[in-house]
Visitor: 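Please see the structure below; I have some questions.
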Amino acid sequence: MSGQIDSEEALQKSKVLFERKRLVTISNALQLMEQNAKKYLEQFEQSPDYRLFRTQFRQYQHTSQLDQIVQFQLCDLSDPDISFYRQAEKKILVCYNKIHDYAHFQQIMKYDLTFLYDDLRAKIDWYDCSMLSCMKIRGLNISGKCKQSDKQCFINEVKTSLERSEVCKGKFDEYFEKSFKQCVMDIAPINSIQQTKKTIFF
């Protein structure tokens with residue numbers, strides 16, 4: 001009987017030790033992910049792409065320091081979102097545990113910085129489904145998540161986005177087509193020449 005108790009206690013101790021090691025491993029991995037995210041942010045701040053955004057932010061008298069614009073947070077992996085633009089604070093929240101590599105981080109930054117830029121130049125109306133469609137199209141195009149020639153990519157992404165909006169749910173067909181042709185051509189502030197081709201929203 002004593003031998004059985006000792007065996008059960010040893011098994012329990014082994015499980016506790018294994019769980020502690022597992023938690024330490026996870027904690028170390030998350031710390032490394034956050035450190036990498038911060039390095040990516042510093043690297044992106046020196047990139048030619050961000051230089052164009054920075055110039056425009058200064059013109060609108062908005063901070064151009066990325067560490068004052070971008071905040072990192074740990075996110076639930078079951079949630080499909082990787083980043084969020086928060087209009088009230090004009091900040092971008094990024095899930096550091098969902099960043100794959102620097103190229104992925106660049107894409108995330110250009111996508112959400114496009115939202116911030118559009119908000120600065122024309123204050124986004126989250127109840128205007130045409131404007132939201134346009135903003136999404138621009139973000140997808142400028143970030144490279146969708147190629148201009150791949151219209152289906154834009155359709156899939158914008159439709160998913162509008163369906164998640166209480167205001168725009170079920171209105172994709174009404175707003176996408178009239179936004180697409182104009183908005184996919186507006187790539188400000190990436191190309192100053194294209195800034196002459198502004199949309200009716202921005």
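Here the structure is a predicted model, which is why all the values come from computation and not from measurement. Numbers here simply count residues along the sequence, with the first being 1.
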Visitor: Decide whether R138 and T114 meet the rule of one side-chain donor and one side-chain acceptor closer than 3.5 Å.
Guide: no

Visitor: Tell me if the aromatic rings of F44 and Y40 count as close, with their centers under 6.0 Å from one another.
Guide: no

Visitor: Do F84 and C95 come close enough that some side-chain heavy atom pair is under 4.5 Å?
Guide: yes

Visitor: Does any part of the side chain of K90, heavy atoms only, come nearer than 4.5 Å to the side chain of D119, both counted from C-beta?
Guide: yes

Visitor: If you count heavy atoms of other groups shown closer than 6.0 angstrom to CD of E89, is the number above 12?
Guide: yes

Visitor: Does one side chain, of Q182 or D186, offer a donor that lies under 3.5 Å from an acceptor on the other?
Guide: no

Visitor: Ring-plane angle category for F53 and Y50, please: parallel below 30°, perpendicular beyond 60°, tilted otherwise.
Guide: parallel

Visitor: Measuring only between side-chain heavy atoms, which start at C-beta, is C129 closer than 4.5 Å to V167?
Guide: yes

Visitor: For residues F154 and Q148, report the shortest heavy-atom separation together with the two atoms involved.
Guide: CE1-CA, 4.0 Å

Visitor: Taking atom types as modelled and ignoring hydrogens, do the side chains of N36 and Y102 form a donor-acceptor contact shorter than 3.5 angstrom?
Guide: no

Visitor: So do the side chains of C75 and K98 get within less than 4.5 Å of each other, counting heavy atoms only?
Guide: yes

Visitor: Mind checking whether F115 and Y85 have parallel, tilted or perpendicular rings, split at 30° and 60°?
Guide: perpendicular

Visitor: In terms of relative ring orientation, are H100 and H104 parallel, tilted or perpendicular, with 30° and 60° separating the classes?
Guide: parallel

Visitor: Assess whether a salt bridge exists between D49 and R54, defined as any Lys/Arg side-chain N lying under 4.0 Å from an Asp/Glu carboxylate O.
Guide: no

